[in-house]
There are 2 protein chains.
Amino acid sequence: MAQGRTIETLVQESTPAIIAGKLRHAIGYGELTPGTRLGEADLAQQLGVSRGPLREAMQRLTQEGLLTSIRNRGLFVASLGEDDVRDIYFARTAVEMAALGRVMAGDNAAAAERLLEPVAEMDRASANHDAAGVGEADISFHEALVELASSPRLSRMHTTLLTQTRMCITALQETYPEPDGRVAEHTEIAETVRAGETGAAHELLQAHMDDAVTRLLSGAPGLL
Amino acid sequence: MAQGRTIETLVQESTPAIIAGKLRHAIGYGELTPGTRLGEADLAQQLGVSRGPLREAMQRLTQEGLLTSIRNRGLFVASLGEDDVRDIYFARTAVEMAALGRVMAGDNAAAAERLLEPVAEMDRASANHDAAGVGEADISFHEALVELASSPRLSRMHTTLLTQTRMCITALQETYPEPDGRVAEHTEIAETVRAGETGAAHELLQAHMDDAVTRLLSGAPGLL
DNA sequence: CAACTCTACTTTGTCAACAATTCTACAAGG
DNA sequence: CCTTGTAGAATTGTTGACAAAGTAGAGTTG
């Protein structure tokens with residue numbers, strides 16, 4: 001991302017893109033909870049922009065599936081039911097399995113090193129009993145995995161899915177279990193990558209995903 | 001989609017969504033070729049809407065990656081280089097392989113029937129020497145495959161990828177080879193699904209995708 | 001003759017006002 | 001008492017106009 005240039009790139013990204021990023025963050029971290037109605041006038045004033053650019057940004061998020069639009073009634077933060085949780089992880093599995101396959105066709109050692117960075121961060125956060133930090137490092141691990149596949153389209157799709165994953169995690173933060181197990185799980189995946197054991201790595205990742213779903217759903221009897 | 005109701009649903013989709021659909025179609029079918037600059041005033045008048053809704057629609061397509069935005073200079077139809085073609089098919093493979101896996105965990109016979117519908121259409125078009133029709137049926141086959149997985153997120157991601165696939169096909173329509181082979185290929189996949197031969201189906205689909213890439217790239221020495 | 005500068009034009013980015021629709025509250029009737 | 005109809009208020013959808021940035025061309029200068 002930030003390529004240490006002498007002069008920072010002049011071409012700034014468009015205003016709607018910036019606003020969309022802020023909204024995406026707010027939604028992912030629970031500042032805007034599912035079902036919330038996004039009043040244009042309020043939001044615009046809050047963000048210091050006019051309604052025009054804000055509406056453009058919201059269209060982006062609608063396209064991503066983070067907002068649902070009802071004509072003449074406004075835009076709402078998408079609600080996630082049990083089916084949605086299952087679908088999010090199903091789609092994530094599809095994306096990350098493909099990424100894993102491509103990564104393991106390349107330099108396994110380098111990939112493992114890269115993957116162990118967020119694991120170390122997770123370990124650190126775990127030692128500090130920082131539940132949010134553990135969650136964030138978890139996300140970083142999977143983000144790194146997909147980045148390593150260097151597929152722009154896979155990464156783009158994954159970004160949306162990760163935002164929705166954050167929504168799930170934020171909404172059910174109490175569900176977070178023993179962090180030591182998570183550190184071990186991720187370490188194991190990284191080490192399997194290093195060893196080049198393709199089949200095992202895929203199985204571990206699949207199990208990791210299935211675990212997450214059952215954990216989330218067992219902790220969420222009602223919908224989000 | 002169309003659920004034969006007595007009274008059709010009253011809530012119409014938002015204007016930006018409609019416009020985005022039209023633009024997506026125009027881009028997919030080559031009415032707007034890669035690199036084209038989209039002047040707002042012209043397009044708005046041409047579509048019979050004002051600049052506001054049009055801008056909102058274009059933000060959607062930008063989010064999808066169909067348009068690239070350069071601040072203060074306008075929006076351009078995304079150009080597809082060789083790397084993009086490879087990436088499109090890599091992402092499509094990820095999505096469709098996952099869909100295939102889920103489909104084959106269900107009713108294989110029903111799935112095969114559904115998949116053979118576009119194959120029949122392809123055969124018909126092939127008999128009429130209708131190259132475009134063959135291509136469209138090809139797309140329909142893969143669309144049906146993903147629909148059968150009934151995963152909203154996978155379908156959404158796939159829609160974008162199919163638009164980009166159409167761009168490739170449209171840009172290199174001359175590359176289309178003997179349609180008989182294509183009919184056979186798709187038939188084989190559908191029949192393998194019916195037989196429940198999971199491993200074989202995945203291998204066939206993978207080969208099908210790889211073929212498509214090599215065919216597209218061999219026919220496209222220059223970029224699109 | 002090439003390169004630079006300045007001017008005018010076109011286009012995008014942003015904003016504020018108007019029109020249309022929906023929600024809320026309240027009153028009337030069965 | 002519940003349902004139905006009707007105003008008012010608030011919000012979204014759309015349009016048009018203004019300001020900023022970029023582009024193209026002619027003119028000038030080395």
Side-chain angles (χ1 to χ4, degrees), chain A residues 5 7-24 26-27 31-79, chain B residues 5 7-24 26-27 31-79:
Chain A
R5 296 239 180 112
I7 33 177
E8 52 205 60
T9 176
L10 246 347
V11 285
Q12 50 185 337
E13 56 185 345
S14 72
T15 312
I18 299 172
I19 300 175
K22 294 203 175 207
L23 288 178
R24 208 176 284 124
I27 292 175
E31 295 164 43
L32 296 172
T33 54
T36 305
R37 201 178 93 107
L38 298 182
E40 296 184 356
D42 288 350
L43 254 184
Q45 193 172 13
Q46 196 172 328
L47 291 167
V49 296
S50 186
R51 280 177 56 207
L54 174 62
R55 283 177 64 89
E56 295 177 19
M58 296 202 294
Q59 287 298 324
R60 281 190 171 223
L61 298 186
T62 304
Q63 177 63 34
E64 279 187 75
L66 262 48
L67 302 180
T68 57
S69 157
I70 304 180
R71 195 182 174 97
N72 290 321
R73 285 197 40 192
L75 291 150
F76 301 81
V77 180
S79 296
Chain B
R5 296 236 181 115
I7 33 178
E8 52 204 60
T9 175
L10 241 354
V11 286
Q12 50 185 336
E13 57 185 343
S14 72
T15 311
I18 299 171
I19 300 175
K22 293 202 174 209
L23 288 178
R24 207 175 286 122
I27 293 175
E31 295 164 44
L32 296 172
T33 54
T36 304
R37 202 178 94 111
L38 298 182
E40 296 184 355
D42 287 350
L43 254 184
Q45 193 173 13
Q46 195 172 331
L47 291 167
V49 296
S50 188
R51 280 179 55 207
L54 174 63
R55 283 177 64 89
E56 295 175 20
M58 296 202 295
Q59 287 298 323
R60 282 189 172 222
L61 298 186
T62 303
Q63 177 63 32
E64 280 187 75
L66 261 49
L67 303 180
T68 57
S69 156
I70 304 181
R71 195 181 174 98
N72 290 321
R73 285 196 41 191
L75 291 149
F76 301 81
V77 179
S79 295

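Lettering follows sequence order; numbering is per chain, from 1. None of these values were measured; they are calculated from a predicted model.
Between B:Ile27 and B:Leu61, the closest side-chain pair of non-hydrogen atoms falls below 4.5 Å. Taking the side chain as every heavy atom from C-beta outward, A:Thr15 and B:Arg71 approach each other to under 4.5 Å. B:Leu23 is listed as a side-chain neighbour of B:Leu43, based on a closest heavy-atom distance under 4.5 Å. The side-chain heavy atoms of A:Leu67 and A:Val77, taken from C-beta on, include a pair separated by under 4.5 Å.
In this structure, the CZ atom of B:Arg55 is 8 Å from the P atom of C:dT12, given to the nearest Å. Between A:Gln45 atom CD and C:dA16 atom C1' there is a gap of 14 Å when expressed in whole angstrom units. Rounded to a whole Å, the CG atom of B:Asp42 is 13 Å from the C1' atom of C:dT12. Rounding to whole angstrom units, CG of residue B:Leu54 and C1' of D:dG13 are separated by 15 Å. Distance CD (B:Gln59) to C1' (C:dG13): 11 Å, rounded to an integer number of Å. When rounded to the nearest whole Å, the span between CD of B:Glu56 and P of D:dT15 equals 11 Å. Remark: P of C:dG13 and CG of B:Leu38 are 12 Å apart, rounded to the nearest angstrom. In this structure, B:Glu13 places its CD atom 17 Å from C1' of D:dT12, rounding to the nearest Å.
Of the residues near DNA chain C, A:Asn72 and A:Gly48, the one whose nearest nucleotide (by heavy atom distance) lies more toward the 5' end is A:Gly48. Mapping A:Arg51 and B:Arg37 onto DNA chain C via the closest heavy atom, the residue that lands nearer the 5' end is B:Arg37.
Across all strands shown, B:Gly52 has heavy atoms under 4.0 Å from base atoms, whether or not it also approaches the sugar-phosphate.
Phosphate proximity of C:dG13 to A:Ser14: absent, as no side-chain N or O sits under 4.0 Å from OP1 or OP2. Between C:dT14 and B:Arg71, a contact under 4.0 Å exists linking OP1 or OP2 to a side-chain N or O.
Listed candidates were C:dT14, D:dT14, D:dG13. Nearest to the side chain of B:Thr15 is D:dT14. Ranking D:dG13, C:dG13, C:dT22 by closeness to the A:Arg73 side chain, first place goes to C:dT22.
For the side chain to side chain donor-acceptor pair (under 3.5 Å) with B:Gln59, the qualifying choice from A:Arg60, A:Arg55, A:Gln63 is A:Arg60, the only one to do so.
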